[in-house]
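Just so it is clear, the structure is predicted and the values come from calculations on it, not from any experiment. Numbers restart at 1 for each chain; the letters A, B, ... are given by sequence-line order, proteins then strands.
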2 protein chains.
Amino acid sequence: MTEAQLDATFAALADPTRRAILARLAKGDASVNELAEPFAMSQPAISKHLKVLEKAGLISRQQIAQKRPCHIEGEAMAGAVSWLERYREIWEGNYRRLDALLASMQASSGTGSKDA
Amino acid sequence: MTEAQLDATFAALADPTRRAILARLAKGDASVNELAEPFAMSQPAISKHLKVLEKAGLISRQQIAQKRPCHIEGEAMAGAVSWLERYREIWEGNYRRLDALLASMQASSGTGSKDA
DNA sequence: TTGTTCTAAAACTATTTAGTTATATAATAT
DNA sequence: ATATTATATAACTAAATAGTTTTAGAACAA
């Protein structure tokens, strides 16, 4: 995943309307009007949000009669998560520091209890 | 995590300079000037990025003499990941559809080979 | 005190974003 | 052919964003 793709993906996710659209699409494909219905917002506004999501690769679209049903796509989200995973040890509690502490404890004493 | 916090976190992550700053801070705390050094950008620009990261809760700051060293904070990232996790089954390959397919296969035939 | 270092704030500009209304286009239905 | 339905595009506005340069302020050093 390129930097530009990460830019587009995170930016697309940074809007509550777009996140709600994705939540809806997780339950199944939907047309533009179906997606617009719950929002106090014009249809063109929703179409713009969909374009943002599509550019980020978070959704794709078909053409069925006059409708253009939207389908959620997982790859972009997977890319975002895999970027964030680099920091897992930080958001799970600073293992590096803990490791260093444990190492120094092991070096000085002899019991070596591994469970903290 | 509130919608507003998700907005702020994803928006903060949607910029390559800010992501690079986080990558640097993952290796250890750093002052504003240290963070600014690798970028072809003014110091005030970096200070603004840091404010965005701080508002999102992605970093915190200390005060040591004239310096205000920045420290990466994991909680906001954890919140972003946990939001994304809802979609894991989608970005790992549409288990729901696969489950339905397997169920219908099991219902009709009797061999039941699980490996596709 | 005076100067130096580190960072933030102010004032400004250009670009992007999110929304609007009105209109165009494309597919279907009559 | 004409109308209807579903969506996109155009033109516009307001607000937010990312950058600039200049200046201010706070902490330290001489």
In whole angstrom, give the distance that lies between atom CZ of A:Arg19 and atom P of C:dA18.
12 Å
Heavy atoms from C-beta onward define the side chain here; which of D:dC28, C:dA8, C:dT28 lies closest to that of B:Arg68?
C:dA8
Of D:dT20, C:dC6, D:dT7, the nucleotide closest to the side chain of A:Val32 is D:dT7
Which nucleotide sits closest to the side chain of A:Gln66: C:dA27, C:dT7, C:dG19?
C:dA27
Could you say whether A:Thr17 or A:Ile64 is positioned toward the 5' end of DNA chain C, judged by the nucleotide with the nearest heavy atom to each?
A:Thr17
If you group Ile, Leu, Val, Met, Phe, Trp and Tyr by side-chain heavy-atom gaps below 4.5 Å, do A:Tyr87 and B:Val52 land in one group?
no
For B:Arg18 and D:dT17, is the shortest distance between a side-chain N/O and OP1 or OP2 below 4.0 Å?
no
Taking the side chain from A:Arg18 and the backbone from A:Ala12, do they hold a donor-acceptor pair closer than 3.5 Å?
yes
Counting only side-chain nitrogens and oxygens, does A:His49 get under 4.0 Å of the OP1 or OP2 atom of C:dT17?
no
Rounded to whole angstroms, how far apart are CG on B:Leu50 and C1' on C:dA9?
15 Å
B:Lys55 has an atom NZ; how far is it from atom C1' of D:dA16, in whole Å?
12 Å
N or O in side chain of B:Asn33 less than 4.0 angstrom from C:dT7 OP1/OP2:
yes
Can you tell me the distance, in whole Å, between the CG atom of B:Leu53 and the P atom of D:dT17?
13 Å
Look at the side-chain N and O atoms of B:Ser47 and state whether any lies under 4.0 Å from the OP1 or OP2 oxygen of C:dT7.
no
Taking B:Glu3's backbone N and O only, do any of them form a donor-acceptor pair with A:Arg19's side chain (distance below 3.5 Å, no angle check)?
yes
Check B:Leu6 against B:Trp83 and note the closest heavy-atom contact, atom names and distance.
CD1-CD1, 3.6 Å
Spacing between A:Leu35 atom CG and D:dA8 atom P, to the nearest angstrom
11 Å
Between CD of A:Gln43 and P of D:dT5 the distance, given in whole Å, is 14 Å
Contact under 4.0 Å: B:Ser42 side-chain N or O vs D:dT20 OP1/OP2:
yes
Side-chain donor/acceptor of B:Gln63 to base of D:dA27, under 3.5 Å:
no
Could you state the atom-to-atom distance from CD1 of B:Ile46 to P of C:dA9 in whole Å?
16 Å
When you look at CD of B:Glu75, are more than 12 heavy atoms from neighbouring residues, nucleotides or ligands closer to it than 6.0 Å?
no
Taking OP1 and OP2 of C:dC6, is either one under 4.0 Å from a side-chain nitrogen or oxygen of B:Arg61?
no
Starting at the 5' end of DNA chain D, which residue's closest nucleotide do you reach first, A:Lys67 or A:Lys51?
A:Lys67
Tell me: CG of A:Asp7 to C1' of D:dA18, nearest whole Å?
13 Å
